[in-house]
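Here the structure comes first, spelled out in structure tokens, and everything after it is commentary.
Start at 1 with the first residue, then count along the sequence. A quick note: this is a predicted structure, and the numbers were derived from the prediction, not measured.
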Amino acid sequence: MSEIDRFKQILNEKGFKATPQRLAVHQAMLQLCHASADQVSAYIKEHNLATVSEASVYNTLNWLSSLGVYAFRMSRNNKLYFDVNNKRHIHLYDRVNHHFIEINDQTVIEQVEKLFKGRRWRGYRFEGIDISLVCRPSSKKR
């Protein structure tokens, strides 16, 4: 099953329609992986996927995050970035260029979860972790 078909199925199961605007947002996210609403809007416009305002793109991204289709994170430039990968993973966050790079290291995730799982904080219950390692480009290109 294609990613678009899977997306349509998720929406259908939750009782929503796969509108051209929603499909355009998802198609853009599949290509961008980590993106802000303005980046998704620009991609949709550049590739002529649908007619949709930036506000509608932002609302759609937030709504899809609330459904669990996307994850999201705040960057140091105070922008909300959405992540098409909502599975457990770690990010390198480039604080100069404001983009996220995925690192799939389940061993590190499991070690951190094990460390915090038994801890108690009054009024809070542990749900999981969201790790972003802050970095900047090195002077050497690799």
Q) Roughly how far, to the nearest 0.5 Å, is the OG atom of S53 from the NZ atom of K45? A) 12.0 Å
Q: Report the relative orientation of the aromatic rings in H26 and Y70; use parallel for angles under 30°, tilted for 30 to 60°, perpendicular for over 60°.
A: parallel
Q. Going only through I, L, V, M, F, W and Y residues with side-chain contacts under 4.5 Å, is there a path from L49 to V84?
A. yes
Q: Please examine the side chains of L80 and N62, heavy atoms only from C-beta on, and report whether any two atoms are closer than 4.5 Å.
A: yes
Q: Kindly give the heavy-atom pair with the smallest separation between E54 and S41, and that separation in Å.
A: CA-OG, 3.2 Å
Q | Q27 side chain to Q31 side chain, donor-acceptor N/O pair below 3.5 angstrom | A | no
Q. Is it true that V52 and L32 fall in one hydrophobic cluster, defined by side-chain heavy atoms closer than 4.5 Å?
A. yes
Q.
If you define the side chain from C-beta out and look only at heavy atoms, does anything of L67 sit under 4.5 Å from I10?
A. no
Q: State, with a plain yes or no, whether a side-chain heavy atom of N85 is found less than 4.5 Å away from one of C33.
A: no
Q. So, the side chain of Q106 versus the backbone of R88: is there a donor-acceptor pair under 3.5 Å, distance only?
A. yes
Q.
I'd like to know whether H91 forms a side-chain contact (heavy atoms from CB on, under 4.5 Å) with E102, so could you lay out the CA-CA distance, the side-chain angles of the two residues, the decisive distance to 0.1 Å, and finally the verdict.
A. CA-CA 5 Å; H91 287 102; E102 290 186 6; 3.9 Å; yes
Q: Can you spot which of Q39, E46, H47 makes a side-chain contact (heavy atoms from CB on, under 4.5 Å) with Y43?
A: H47
Q | Value rounded to 0.5 Å, distance of CD1 in I90 from OG in S132 | A | 9.5 Å
Q | Between Y93 and H98, a side-chain donor and acceptor under 3.5 Å | A | yes
Q.
Show the nearest heavy-atom pair for residues V57 and A37, with the distance to one decimal.
A. CG1-O, 3.6 Å
Q) Under 4.5 Å between any side-chain heavy atoms of Q21 and T60, yes or no? A) no
Q. If every non-hydrogen atom of A18 is compared with every non-hydrogen atom of L23, which pair is closest and at what distance?
A. O-CD1, 3.7 Å
**Q.** Residue from D83, D105, N104 passing side chain to side chain donor-acceptor pair (under 3.5 Å) with H89
**A.** D83
Q. If every non-hydrogen atom of I44 is compared with every non-hydrogen atom of A50, which pair is closest and at what distance?
A. CG2-O, 3.5 Å
Q.
Checking the side chain of N86 only, and the main-chain atoms of A71 only, is there a donor and an acceptor separated by less than 3.5 Å?
A. no
Q | Ring centres under 6.0 angstrom apart (H34, Y81) | A | no
Q: Treating Ile, Leu, Val, Met, Phe, Trp and Tyr as nodes and any side-chain heavy-atom pair under 4.5 angstrom as an edge, say whether W121 and V112 lie in one connected cluster.
A: yes
Q) Linking I/L/V/M/F/W/Y whenever any side-chain heavy atoms sit under 4.5 Å apart, do W63 and Y58 land together? A) yes
Q | Point-to-point distance, once rounded to the nearest 0.5 Å, from CD1 of I4 to CG of L30 | A | 5.0 Å
(Q) Working to the nearest 0.5 angstrom, can you tell me the gap between H99 NE2 and S36 OG? (A) 13.0 Å
Q) Would a hydrophobic clustering, with Ile, Leu, Val, Met, Phe, Trp and Tyr connected at side-chain separations under 4.5 Å, put L115 with I109? A) yes
Q: Kindly compute the distance separating OG (S65) from CZ (R73), expressed to the nearest 0.5 Å.
A: 10.0 Å
(Q) side-chain contact (heavy atoms from CB on, under 4.5 Å) for L64 and F16? Distances and angles first, verdict last. (A) CA-CA 11 Å; L64 291 169; F16 299 105; over 6 Å; no
(Q) Please find the pair of heavy atoms, one from A28 and one from V40, that lie closest to each other, and give the distance. (A) CB-CG1, 3.8 Å
